[in-house]
Amino acid sequence: MSDLPPPSPEPTSGQPPSAPPPMSPVGTPPPPSASSARVGPQPPGPLVVPDGATVVVDGVSKSFGALVAVSEVSFTVGPGVTALLGPNGAGKSTLLRVLCGLTPPSRGTVWVAGGNPRTSEEARANIGIVPQQDGVFERDTIFDFVHLAAVLSGVPDPSEASMRALAAVEMDPNLDRPIGAFSKGMRQRAKIAAALVHSPTVMVLDEPLNGLDPKQRRQMIDLFHQLGEAGVTVLVSSHVLDEVERFGSNVLVIAKGRIAAKGDFRAIRGLMNDQPLRYRIECTNPRRVGAVLLDSAMVNGCTVNDSGDLEVTTNDAVAFRTNIAQICVSQEVRLTGLTPLDDDLESVFRYLVGPS
Amino acid sequence: MSVSTPGAFTALYKLVLKHQLTKGRAFLFVAVAAVAIGISFLARQGIDDARDKIEASAFFADTFGLGLVAPVISLVLGSAALGNWRDDETMVYVWLRPVSRWVIGLAATLGALTVALPVTVIPMTIGSFIGTNGDMSMVRATATAMALATLAYTAMFVLVGLLIRRALVWGLVYVFIWEFFIARGAEGAARLSVNSYAKAVLARAADVEIGFTNHSTAASFLVPLGIAAVAVGLTAWRLKEANVA
């Protein structure tokens, strides 16, 4: 896994019109702070390419007849791993197809790694894709399949690049059976190798872990992180929450064709002030602390769980966190732990898109 | 990053070629060759006059070769060249590469032609040789007419395979309804038929009447070549505009 193809240099041409002064890179995986997350769909406007961004999607909608698959989507992504999360049918694959130029948007603008991939060969040269569909050139060997991708991408030494890409996904380049004879997991890894063989600056991976066993999943997630750390923009879609949490904390949540939230999912959760937050308080006298909290109206409700810890829900998380230590001191109760219970991706997802 | 056109073309051409030949198709091609040669051999048995042999051979090359073998073989191979990639959703692996669209269209057409030409031209040419007792002007005319028709049909059907699903079905409808019946029954329709231009080459060489073939020599060659060139151009344009799965 250490022989990753080096990332291509940053795009130098194909700047979209009216490029604004540089901004801070939105897409770089942000620290878990509230300021790094923005909730809700963004209004369309002139195309803005923030400094360091490699993917800019601006006011993009995509309809198929009367069906609106993607509606008014705007976001920017930069180097690092970003997970596109949404339930089946949310519009993830359509959005990724638009992003790669495979289908034109009905409205809006896409800019990826130097241009519009629908019209710019340079932009396409900088993209590596793992499509969701299972189809591969069934009569090719795995090496031929990856080699073809290298040749068509203009890689100077396609054989050497193919060997390295196959090594990165831990596949033997000498397997001489046709690719159609292999398991879905093997084909999936071959697709990943073909996507990275030309050292793209942007990798678009649509449900890339489908068909992989747990060990292979872990290896591929490690690979995506290595690519992200090497400066590649890795945009990976999934409808499996557990997977997305392992991809990292930077997410784009899509539901019903709209971006429901983007940024660090913990920060997104922090911004959702209209949703009650749950905390677990570990202390030496949970009943006394619970009574005081209820009297102060700082919490909406509280219970003592089976472990004897106090669980509270609050609509004013800031006031609660600021005062809880002081309350414990005033009640001569020893506070040993304070844990947010809604700080996981599943809670964020549940709040944003409703119960699955 | 710019991809060398020869390198990309060669890779795509080989890919098309590799996926053209299946066992089923190979069986079909052998059967077509056997039928073409077999009928030519049987047809000459009852004919003594050299002139009659030439006319019979021209008639056979027109109806079986230009009416059936060239369009159907071209349809099977041409519609699959890009149509299969679209149907099995592997087009994305070619489309999303920095390769000119005309390179993809040309590689697909030439890949299909590389298989189609021997299958259509060689058996019919051998058949012509057998049927005419080695009349070389008829042999050359048969080979040329089959090659021209195969070229135009293959390029057309590569485009059709990209444009519509179930291209094989619609292509057969076109071949049998338009080319085989309507265009052979009306002079105006014949001008819009690939078949009539290739047939004109055959009619001139054999000096026989085989339907509406009053095209000039130049038109007999240029129209099929033009159809092929336009079809490749339209394929490239369609690839540029395509929605890729």
Side-chain angles (χ1 to χ4, degrees), chain A residues 8-9 11 62 64 93-94 97-98 100-104 113-115 117-141 144-156 158 178-180 190-191 194-195 197-201 204 206, chain B residues 1-26 77 80-108 111 115 162 165 236-245:
Chain A
S8 295
K62 179 67 185 180
F64 300 97
S93 292
T94 302
R97 285 179 60 217
V98 170
C100 292
L102 297 171
T103 188
R118 187 122 185 108
T119 53
S120 163
E121 284 186 15
E122 181 178 341
R124 289 201 297 273
N126 285 319
I127 298 174
I129 187 171
V130 174
Q132 186 179 21
Q133 63 263 22
D134 202 26
V136 287
F137 296 120
E138 302 263 330
R139 302 175 81 182
D140 278 0
T141 64
D144 288 344
F145 181 65
V146 179
H147 190 265
L148 175 74
V151 171
L152 295 182
S153 299
V155 173
I179 196 169
K191 284 160 63 180
V197 70
H198 60 299
S199 308
T201 51
V204 176
D206 195 357
Chain B
M1 189 185 291
S2 158
V3 180
S4 100
T5 297
F9 175 83
T10 307
L12 288 169
Y13 173 77
K14 284 181 182 170
L15 183 70
V16 174
L17 217 51
K18 188 191 290 184
H19 288 81
Q20 285 285 3
L21 271 177
T22 60
K23 280 181 187 167
R25 285 180 192 164
L77 294 166
L82 292 176
N84 280 1
W85 294 354
R86 192 204 53 197
D87 291 346
D88 66 14
E89 299 181 327
T90 49
M91 180 69 85
V92 62
Y93 298 111
V94 172
W95 194 94
L96 197 66
R97 299 294 173 191
V99 177
S100 297
R101 280 25 189 151
W102 71 264
V103 171
I104 302 173
L106 189 63
V115 182
L162 184 64
R165 291 190 185 276
W237 169 79
R238 182 58 196 160
L239 279 166
K240 200 173 170 185
E241 302 296 316
N243 278 299
V244 181

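Per chain, numbering begins at 1; letters A, B, ... match sequence-line order. No experiment lies behind these values; they were computed from the predicted model shown.
A pairwise comparison of heavy atoms in B/N243 and A/P104 identifies OD1-CD, 3.2 Å as the closest pair.
At a threshold of 4.5 Å between non-hydrogen side-chain atoms, the residues A/E121 and B/S100 count as touching. Using a 4.5 Å cut-off on side-chain heavy atoms (C-beta onward), A/N126 and B/P98 make no contact. Between B/Y93 and A/I129, every side-chain heavy-atom pair lies at or beyond the 4.5 Å cut-off.
With a 4.5 angstrom heavy-atom cutoff, A/R97 touches chain B only via side-chain atoms. Neither the backbone nor the side chain of A/P158 comes within less than 4.5 Å of any heavy atom of chain B.
Among residue pairs with one or both ends in residues 125-138 of chain A, those qualifying as salt bridge (Lys or Arg N to Asp or Glu O under 4.0 Å) are A/D134-A/K184, A/D134-A/R187; sequence neighbours excluded.
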Trace of the side chain to side chain contact (heavy atoms under 4.5 Å, CB included) decision for A/L102 with B/V92: CA-CA 8 Å; A/L102 297 171; B/V92 62; 3.8 Å; yes
A/F137/B/V94 under side chain to side chain contact (heavy atoms under 4.5 Å, CB included): CA gap, chis, key distance, verdict: CA-CA 11 Å; A/F137 296 120; B/V94 172; 3.9 Å; yes
Side chain to side chain contact (heavy atoms under 4.5 Å, CB included) evaluation trace for B/R97 with A/H198: CA-CA 10 Å; B/R97 299 294 173 191; A/H198 60 299; 3.1 Å; yes
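Taking chain B as the reference chain and counting heavy-atom pairs below 4.5 Å, the highest number among A/L148, A/I127, A/D140 is found for A/D140. Heavy-atom pairs under 4.5 Å with chain B peak, among A/R118, A/R124, A/Q132, at A/R124.
Annotation: residues 82-89 of chain B contacts chain A through B/W85, B/D88, B/E89 [non-hydrogen atoms, separation under 4.5 Å]. Among residues 10-17 of chain B, the residues having any heavy atom closer than 4.5 Å to a heavy atom of chain A are, in sequence order, B/A11, B/L12, B/L15.
Scored by the salt bridge (charged side-chain N to carboxylate O under 4.0 Å, His left out) test, A/D144 finds B/K18 as partners (sequence neighbours excluded).
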